[in-house]
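Heads up: the structure comes next, in structure tokens.
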Amino acid sequence: MTHVEQLLRGPVLEVAPAMLGWELSHDTREGHVTVRLTEVEAYAGEADPASHASRGRTLRTEVMFGPPRRLYVYFSYGMHWCANIVVGVDGEASAVLLRAGRVVEGMELARARRPPGTSERSLARGPACLTQALGIGKSHNGADLCGESPLTLTPGEPVSAISSGPRVGVSLAAEAPWRFWITGDETVSAYKRSPRAPA
DNA sequence: TGAACGATTTCCT
DNA sequence: GGAAATCGTTCAA
């Protein structure tokens with residue numbers, strides 16, 4: 001078992017903040033892009049009402065119920081792809097949503113994948129923006145981040161300080177402070193509470 | 001077989 | 001601050 005895989009096997013509420021500052025790289029024919037994670041959210045398995053896994057094992061959530069270190073990619077609002085890293089114990093269905101990051105390699109390619117005029121800090125600011133900048137989509141669902149896959153995850157430099165707060169856009173368990181970000185980082189996305197969340 | 005609903009982003013006023 | 005764009009997943013009938 002690799003070092004990274006070992007780190008991912010811990011409890012999701014410990015693994016998620018620990019993943020801040022880690023780097024996710026994607027190699028394609030077009031080139032290479034690396035993003036340093038600045039914002040993540042924890043989804044705590046089948047018992048977490050806000051998680052897609054809360055309805056049990058389905059075709060869509062199959063990957064989450066499998067072993068950790070794999071990528072769970074889902075389609076959102078008819079147009080966006082968002083990526084999670086499966087963590088914890090095999091079968092527990094815990095995952096960490098990659099909400100934002102800073103492009104540290106392959107700036108030009110990342111820019112080419114985003115709308116013209118996108119500022120550098122916004123290239124991977126938001127979960128769907130991050131997958132766009134990295135060139136991640138449906139075909140990467142279930143990809144192994146430690147194996148032969150062109151996607152690789154590596155621990156990065158330690159972060160200065162970590163903040164936490166409620167998750168973005170979730171209507172259930174809306175108070176759980178399971179969103180983690182690097183304090184003061186400009187690439188962290190704006191907080192938006194779900195309009196369906198109870199007052 | 002049908003309908004409601006998003007772990008969102010972007011553009012408009 | 002608000003609404004549109006747009007479709008796979010899930011649940012009800």
Side-chain angles (χ1 to χ4, degrees), chain A residues 8 12-13 15-17 19-20 24 35 37-66 68 70-88 92-103 110-143 145 163-181 186-199:
Chain A
L8 294 181
V12 63
L13 291 180
V15 175
M19 280 174 55
L20 291 171
L24 182 61
V35 161
L37 299 177
T38 57
E39 180 187 0
V40 298
E41 273 175 7
Y43 285 86
E46 215 168 344
D48 179 357
S51 172
H52 292 164
S54 64
R55 294 174 209 271
R57 191 186 279 248
T58 66
L59 192 57
R60 177 172 65 151
T61 59
E62 187 61 30
V63 172
M64 273 203 284
F65 284 86
R70 297 200 300 188
L71 208 58
Y72 164 53
V73 181
Y74 70 92
F75 191 52
S76 181
Y77 290 93
M79 61 195 91
H80 302 300
W81 295 99
C82 301
N84 300 248
I85 293 171
V86 178
V87 305
E92 179 188 74
S94 289
V96 176
L97 172 67
L98 310 180
R99 284 205 54 89
R102 176 186 301 278
V103 176
R111 201 178 278 285
R113 286 170 170 158
R114 301 274 293 126
T118 303
S119 68
E120 186 171 318
R121 78 164 213 172
S122 300
L123 286 176
R125 188 173 188 246
C129 300
L130 183 144
T131 58
Q132 250 185 48
L134 279 170
I136 290 174
K138 177 184 189 149
S139 66
H140 303 97
N141 190 36
L145 299 175
S163 299
S164 68
R167 293 175 289 186
V168 176
V170 306
S171 55
L172 300 169
E175 308 307 321
W178 293 349
R179 168 185 182 232
F180 305 94
W181 65 94
E186 62 172 5
T187 65
V188 172
S189 69
Y191 175 71
K192 268 207 178 110
R193 184 184 176 84
S194 166
R196 305 179 66 80

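This one's a predicted model, so the numbers in the text were calculated from it and none came from an experiment. Below, chain A is the first sequence line, B the second, and so on; all start at residue 1.
Summarising the geometry, the separation between CD on Glu41(A) and C1' on dT8(B) is reported as 12 Å, rounded to the nearest angstrom. dG1(C) atom P lies 15 Å from atom CZ of Arg193(A), rounded to whole Å. Distance Phe75(A) CZ to dT10(C) P: 14 Å, rounded to the nearest Å. Atoms CH2 (Trp181(A)) and P (dA7(B)) sit 19 Å apart, rounded to a whole Å. At whole-Å resolution of the value, CH2 in Trp81(A) and C1' in dC7(C) are 10 Å apart. Rounded to a whole Å, the NZ atom of Lys192(A) is 9 Å from the C1' atom of dG1(C). Counting to the nearest Å, the P atom of dT8(B) and the CG atom of Leu98(A) are 13 Å from each other.
Within residues 44-60 of chain A, the residues approached by DNA chain C to less than 4.0 Å at the level of any non-hydrogen atom are Arg55(A), Thr58(A), Arg60(A), in residue-number order.
For Glu41(A) (side chain) and Arg99(A) (main-chain N/O), no donor-acceptor pair under 3.5 Å exists by modelled atom type.
The base-pairing partner of dA7(B), taking Watson-Crick or G-U wobble contacts with both distances under 3.5 Å, does not exist among the strands shown. Pair assignment for dT6(C) gives none, since no Watson-Crick or G-U wobble pairing has each distance under 3.5 Å.
Judged purely by distance below 3.5 Å, without hydrogens or angles, the side chains of Gln132(A) and Arg114(A) pair a donor atom with an acceptor atom.
Of the residues listed (Thr187(A), Leu130(A), Leu97(A), Val188(A)), the one engaging Glu39(A) in a side-chain contact (heavy atoms from CB on, under 4.5 Å) is Val188(A), and it is the only one. Checking Asn84(A), Leu24(A), Val35(A), Thr38(A) one by one against Leu98(A), the side-chain contact (heavy atoms from CB on, under 4.5 Å) holds for a single residue, Leu24(A).
In this structure, Arg179(A) reaches neither bases nor backbone, as no heavy-atom distance under 4.0 Å exists between it and the strands shown.
Taking 4.0 angstrom as the limit, Arg125(A) places none of its side-chain polar atoms (N or O) nearer than this to OP1 or OP2 of dT10(B). For dT8(B), one of the phosphate oxygens OP1 or OP2 lies less than 4.0 angstrom from a side-chain nitrogen or oxygen of Arg99(A).
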Show your working on ring-ring contact (aromatic ring centres under 6.0 Å, His included) between Trp81(A) and Phe75(A) and close with a plain yes or no.
CA-CA 5 Å; Trp81(A) 295 99; Phe75(A) 191 52; 4.7 Å; yes
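Both Ser171(A) and Gln132(A) sit near DNA chain B, but only Ser171(A) has its closest nucleotide nearer the 5' end.
Side chains of Val73(A) and Thr131(A) form no contact here, defined as non-hydrogen atoms less than 4.5 Å apart.
Within 6.0 Å of CD on Glu120(A) lie no more than 12 heavy atoms contributed by other residues, nucleotides or ligands.
With distances taken from any side-chain atom of His80(A) to the nucleotides dT6(C), dT9(B), dA7(B), the minimum falls on dT9(B). Looking at the side chain of Val170(A), the nearest of the listed nucleotides dA7(B), dG8(C), dT8(B) is dA7(B). Comparing dT6(C), dT9(B), dA7(B) by their nearest atom to the side chain of Ala128(A) picks out dT9(B).
Stacking between Tyr77(A) and the base of dA5(C) is absent under the criterion of ring centres within 5.5 Å and planes under 30 degrees.
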